[in-house]
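Note: hydrogens, waters and symmetry copies are ignored here, and every other heavy atom, side chains too, is used. Read the numbers this way: they start at 1 and go in the same order the structure lists the ligands and their atoms.
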Amino acid sequence: MNTYARTGLVFDHGAGARLWTVEGDEYIDFTAGIGVNSLGHGHPELVAAIAAQAAKAIHVSNYFLTEPSIKLAERLTDTAGYDRVFFCNSGAEANEGMFKIARKYGSSKKPEKNVIVTLRQSFHGRTITTVTATGQDKFHKYFGPFTPGFVYAEPEDTVQLDALLDADTVCAFAFEPIQGEGGVRPLSREYLQAAERLCRERDILFCADEVQTGIGRTGTLLACEQLGIRPDVTAVAKGLAGGVPIGAILARGEAAEVLRPGDHGTTFGGNPLAAAAALVVLDQLEKPGFLEDVQRRGRMLRETIESFRHPLVKDVRGMGLMVGVGVKVDPHLVVDAARAHHLLALTAGEDTVRLLPPLVITDEELKLGAAALKKALDDVLKH
Ligand SMILES: *Cc1c(COP(=O)(O)O)cnc(C)c1O
């Protein structure tokens with residue numbers, strides 16, 4: 001269907017942070033399939049694990065267990081510090097499940113405790129309920145009536161949040177540690193720690209949407225680790241299986257015990273193919289120095305772009321290899337111009353060029369990509 005304003009590029013194959021079109025043109029990939037291809041393209045161990053698992057069993061359904069999904073559940077909950085996990089297939093599906101946990105948790109405490117507070121400029125997915133949770137008016141068209149029981153708070157306004165988080169009616173507060181689609185806007189430690197405190201006082205589930213920030217993107221397994229907060233529930237997806245569709249809901253404590261047989265389900269979730277791929281991603285992330293190097297290269301990319309002192313650049317934001325470049329023009333102009341210099345980049349919000357390179361990108365590829373971005377900014381300035 002006619003759902004995307006596509007570029008017309010037809011890609012054939014990739015290696016690391018590079019992609020080649022069917023015509024053989026080479027591009028530097030600062031998109032990683034929107035933060036998905038965490039190990040880049042054609043990663044040998046990932047390819048081998050997927051091929052080996054495909055030959056054994058691709059899918060058996062959740063009536064049965066498989067070794068890869070058992071191992072992944074153990075590894076992911078252990079390293080992330082959660083008690084239980086539910087596997088699904090996408091970010092929206094993970095958030096839907098997180099909201100279902102919140103609703104059941106709340107209603108078990110008080111009959112009216114079902115409101116979910118999210119933030120303005122947030123993005124939580126494309127289903128009716130996750131679009132409702134998304135705090136951007138431009139998404140709230142055509143598809144109504146929307147799911148009742150969602151309220152939006154202004155990011156960084158602790159006074160307003162204090163007023164909105166009513167202990168009798170609110171079951172959850174959900175946030176992205178860095179608002180991704182909304183413009184690569186990091187939330188402050190102070191705000192998030194205050195929000196966690198309010199949630200604890202009022203028995204409200206503190207829920208992180210780490211679909212974009214999670215799985216090493218910001219230089220730690222989860223971004224919340226760097227912010228001194230411990231959510232009750234965390235949704236992850238995008239980068240978890242290096243490109244194979246997957247989502248996961250991590251939960252701890254009481255929140256981990258909310259769902260019972262029959263409450264929730266998914267046909268494809270937890271299939272051994274996606275689990276085998278995700279195990280390779282976790283193996284790589286846990287290699288000594290891998291995540292530190294994501295932080296170092298993220299800093300290098302941000303500093304390189306800042307060093308341009310480009311008249312079109314307002315600011316450079318982000319953590320690890322999740323970078324937002326605030327620009328004074330429509331960011332689509334910059335992304336289009338970058339493509340002419342064989343760099344693939346993304347936009348976010350109204351004024352931001354978003355860079356999400358594969359976590360395995362080399363220093364040299366980062367420099368090449370940054371140089372192409374500078375040329376693109378120069379081109380836009382000239383016109
Ligand atoms: C991409 C994204 C989603 C939606 O994930 P899908 O896999 O497209 O359903 C939800 N939340 C955040 C923060 C995202 O970046």
Side-chain angles (χ1 to χ4, degrees), residues 1 3-4 30-38 86-102 116-136 138-140 143 147 150 152 155 172-187 192 206-218 221-224 227 231 233-250 266 268-271 274 277-278 281 317-324 345-349 352 354-357 359:
M1 293 189 190
T3 47
Y4 287 88
F30 273 16
T31 70
I34 323 184
V36 166
N37 306 303
S38 37
F86 179 90
F87 291 121
C88 53
N89 306 284
S90 69
E93 197 187 349
N95 284 329
E96 283 269 351
M98 180 163 79
F99 298 147
K100 283 177 75 176
I101 291 172
I116 296 167
V117 176
T118 64
L119 292 173
R120 290 270 168 214
Q121 287 98 56
S122 62
F123 180 86
H124 297 295
R126 297 288 199 159
T127 64
I128 299 273
T129 294
T130 56
V131 143
T132 311
T134 292
Q136 301 186 53
K138 71 174 183 197
F139 287 98
H140 299 164
F143 307 115
T147 311
F150 282 85
Y152 314 109
F173 169 65
F175 63 94
E176 301 155 84
I178 303 173
Q179 297 187 313
E181 311 291 322
V184 194
R185 294 176 198 289
L187 297 179
L192 288 174
F206 187 57
C207 298
D209 177 350
E210 290 231 37
V211 168
Q212 195 160 151
T213 52
I215 317 299
R217 175 56 52 191
T218 67
L221 182 68
L222 297 171
C224 287
L227 297 162
V233 190
T234 292
V236 293
K238 288 194 165 88
L240 176 55
V244 180
I246 194 170
I249 312 165
L250 290 154
T266 179
F268 290 118
N271 70 75
V281 172
R317 302 180 296 271
M319 269 159 77
L321 285 169
M322 180 168 182
V323 174
L346 297 159
T347 65
T352 301
R354 179 172 41 148
L355 310 175
L356 301 172
L359 304 183

Worksheet item: How long is the gap from CD1 on Ile249 to CG on Asn95, to the nearest 0.5 Å?
Response: 8.5 Å
Worksheet item: Of all the atoms in ligand 1, which lie at a distance below 4.0 Å from a heavy atom belonging to Ser90?
Response: 7 (O), 9 (O)
Item to complete: Would you tell me which option among Val211, Ile246, Ile34 has the nearest heavy-atom contact to atom 3 (C) of ligand 1?
Response: Val211
Discussion item. Starting from atom 14 (C) of ligand 1, what is the nearest protein heavy atom, named by residue and atom, and what distance separates them?
Written reply: Lys238 NZ, 2.9 Å
Fill in: Spatial distance of atom NE2 (His140) from atom OG1 (Thr134) [nearest 0.5 Å]
6.0 Å
Worksheet item: Does Ala237 approach ligand 1 within less than 4.0 angstrom via side chain, backbone, both or neither, non-hydrogen atoms only?
Response: neither
Worksheet entry | Tyr152 atom OH, over 12 foreign heavy atoms within 6.0 Å | yes
Discussion item. Measuring only between side-chain heavy atoms, which start at C-beta, is Phe99 closer than 4.5 Å to Thr130?
Written reply: yes
Worksheet entry | Nearest-neighbour protein heavy atom for atom 11 (N) of ligand 1, which is reported as residue plus atom name and distance | Asp209 OD2, 2.8 Å
Worksheet entry | Side-chain heavy-atom pair Thr118, Asp209 within 4.5 angstrom cut-off | no
Worksheet item: Which heavy atom of the protein is the closest neighbour of atom 5 (O) of ligand 1, given with residue, atom name and distance?
Response: Gly91 CA, 3.2 Å
Item to complete: Give the contacting part of Thr130 toward ligand 1: side chain, backbone, both or neither, where contact means a heavy-atom distance below 4.0 Å.
Response: neither
Fill in: Interfacing atoms of ligand 1 (cut-off 4.0 Å, heavy-atom, Asn95)
10 (C), 11 (N)
Worksheet item: Under the 4.0 Å line, does any protein heavy atom show up next to atom 7 (O) of ligand 1?
Response: yes
Fill in: Side-chain donor/acceptor of Glu210 to backbone N/O of Ala223, under 3.5 Å
yes
Worksheet item: Taking N or O atoms only and a 3.5 Å limit, does Ala92 qualify as a polar contact for ligand 1?
Response: yes
Worksheet item: Heavy atoms, side chains only, cut-off 4.5 Å: are Leu356 and Lys238 in contact?
Response: no
Worksheet item: Numbering the atoms of ligand 1 from 1, which are under 4.0 Å from a heavy atom of Glu176?
Response: 13 (C)
Worksheet item: Are the side chains of Glu176 and Thr213 in touch, meaning some heavy atoms are under 4.5 Å apart?
Response: no
